[in-house]
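Here the structure comes first, spelled out in structure tokens, and everything after it is commentary.
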Amino acid sequence: MKRMTKTLRRPDELAEAGLIPPGRLAALKPVAARYAVAITPAMAELIDPADPHDPIARQFVPDPAELEMRPEERADPIGDAAHSPVEGLVHRFPDRVLLKLVHVCAVYCRFCFRREMIGPGKPNALSAEALSAALAYIAARPDIWEVILSGGDPLVLSPRRLAAVMRRLRGIPHVKVIRVHTRVPTVDPARITPALARALKLRGKAVYVVLHANHARELTAAARAGCARLIDAGIPMLSQSVLLAGVNDDVETLGALMRALVECRVKPYYLHQMDPARGTAHFRATMARGQELMRELRGRYSGLCQPAYVLDRPEDGKVPVGSNDLADIGS
Ligand code: SF4
């Protein structure tokens with residue numbers, strides 16, 4: 001495949017790049033009209049177009065199955081909206097809030113639980129007024145110990161804009177921890193520059209970057225170097241992955257992912273049971289399968305490679321579902 005230079009956003013660009021056969025164009029146009037598409041050069045180059053089961057393509061190339069909705073699927077599967085006191089903020093638990101700085105991402109995952117709220121055409125970033133209102137809300141509540149920057153993907157912002165937000169967070173004494181949720185270190189590693197690492201580092205606060213990665217192949221040499229830039233700058237990294245049928249729902253693939261993360265000094269944190277977002281049934285592995293995988297993972301891989309397997313429920317947030325065997329007790 002020839003070297004790519006720009007993010008692919010339309011089905012005809014995917015066909016031109018050889019990622020879909022031209023015969024699929026008509027079926028994919030309505031999918032792309034409903035749910036945003038973006039595949040960065042780093043991810044497009046990883047896809048093997050000759051492999052109909054390529055796990056990278058499966059995560060980012062749209063599929064007509066996305067227009068098949070199931071009755072149990074919801075527009076807001078984890079119930080963010082019910083816990084949003086001011087624009088851009090989700091306050092579900094007393095000690096932490098989610099601050100959604102942007103509604104865009106570097107790539108659009110076909111299984112995204114916020115797929116109805118993100119993408120071009122949705123408001124791009126919080127306005128200056130909305131950001132000030134969100135920060136004022138946090139500043140007025142001493143119980144808020146941790147702020148999670150999310151979106152969209154906050155690392156699509158420039159280092160200058162990120163640094164400005166971080167400086168304002170530094171001014172809130174009771175906020176001790178800032179967590180940044182992102183896919184950028186793998187899907188667009190060139191954005192992880194020393195300037196970005198400097199923007200994230202905040203004297204007096206603990207800053208963690210949580211990388212979303214679902215397959216070991218995403219940890220390319222460039223991605224590993226990007227993670228190293230953050231970690232060497234003093235920013236610890238954790239990971240979150242989603243259990244995805246046809247991407248990582250076998251123990252070898254899942255184990256290889258966890259090992260690749262640990263090798264990059266990224267501690268596996270969460271393995272998510274997929275949220276019932278609309279049009280994502282073709283990605284869903286059963287919870288029984290997930291628990292079986294967790295048992296197999298524990299039997300064969302180092303303790304460092306064990307994430308917590310969790311289910312996100314609108315009523316009470318993340319619930320550990322573990323491996324459903326006696327060894328879970330007290331673990
Ligand atoms: S990067 Fe995260 S928020 Fe963005 S599309 Fe993927 S899962 Fe959704």
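Every number for a ligand or one of its atoms is a count from 1 in the order of the listing.
Counting atoms of ligand 1 from 1 in the listed order, those under 4.0 Å from a heavy atom of H212 are 7 (S). Close contacts between ligand 1 and R183 involve ligand atoms 1 (S) [criterion: under 4.0 Å to a heavy atom]. Atom numbering of ligand 1 starts at 1 in the shown order; those under 4.0 Å from a heavy atom of C112 are 3 (S), 5 (S), 7 (S), 8 (Fe).
Annotation: cation-pi geometry not satisfied between R74 and F113 (NZ/CZ under 6.0 angstrom from ring centroid, within 45° of ring axis). In this structure, R179 is not positioned above the aromatic face of Y208 in the sense of NZ or CZ being under 6.0 Å from the six-membered ring centre and within 45° of the axis.
Only side-chain heavy atoms of I118 come within less than 4.0 Å of ligand 1; its backbone N, CA, C and O stay farther off.
Between I56 and E218, the closest side-chain pair of non-hydrogen atoms falls below 4.5 Å.
Salt bridge R141/D143: absent, no basic N to carboxylate O contact under 4.0 Å.
The distance from the CG atom of L99 to the CG atom of L135 is 6.5 Å, given to the nearest 0.5 Å. To the nearest 0.5 Å, the span separating CZ on R183 from CG on L155 amounts to 13.0 Å.
For C105, every N, O or S atom stays at 2.8 Å or more from atom 8 (Fe) of ligand 1.
Nearest protein heavy-atom contact of atom 5 (S) of ligand 1 is C109 N, 3.3 Å.
For the ligand labelled ligand 1, residue V242 lies outside the 4.0 Å heavy-atom shell.
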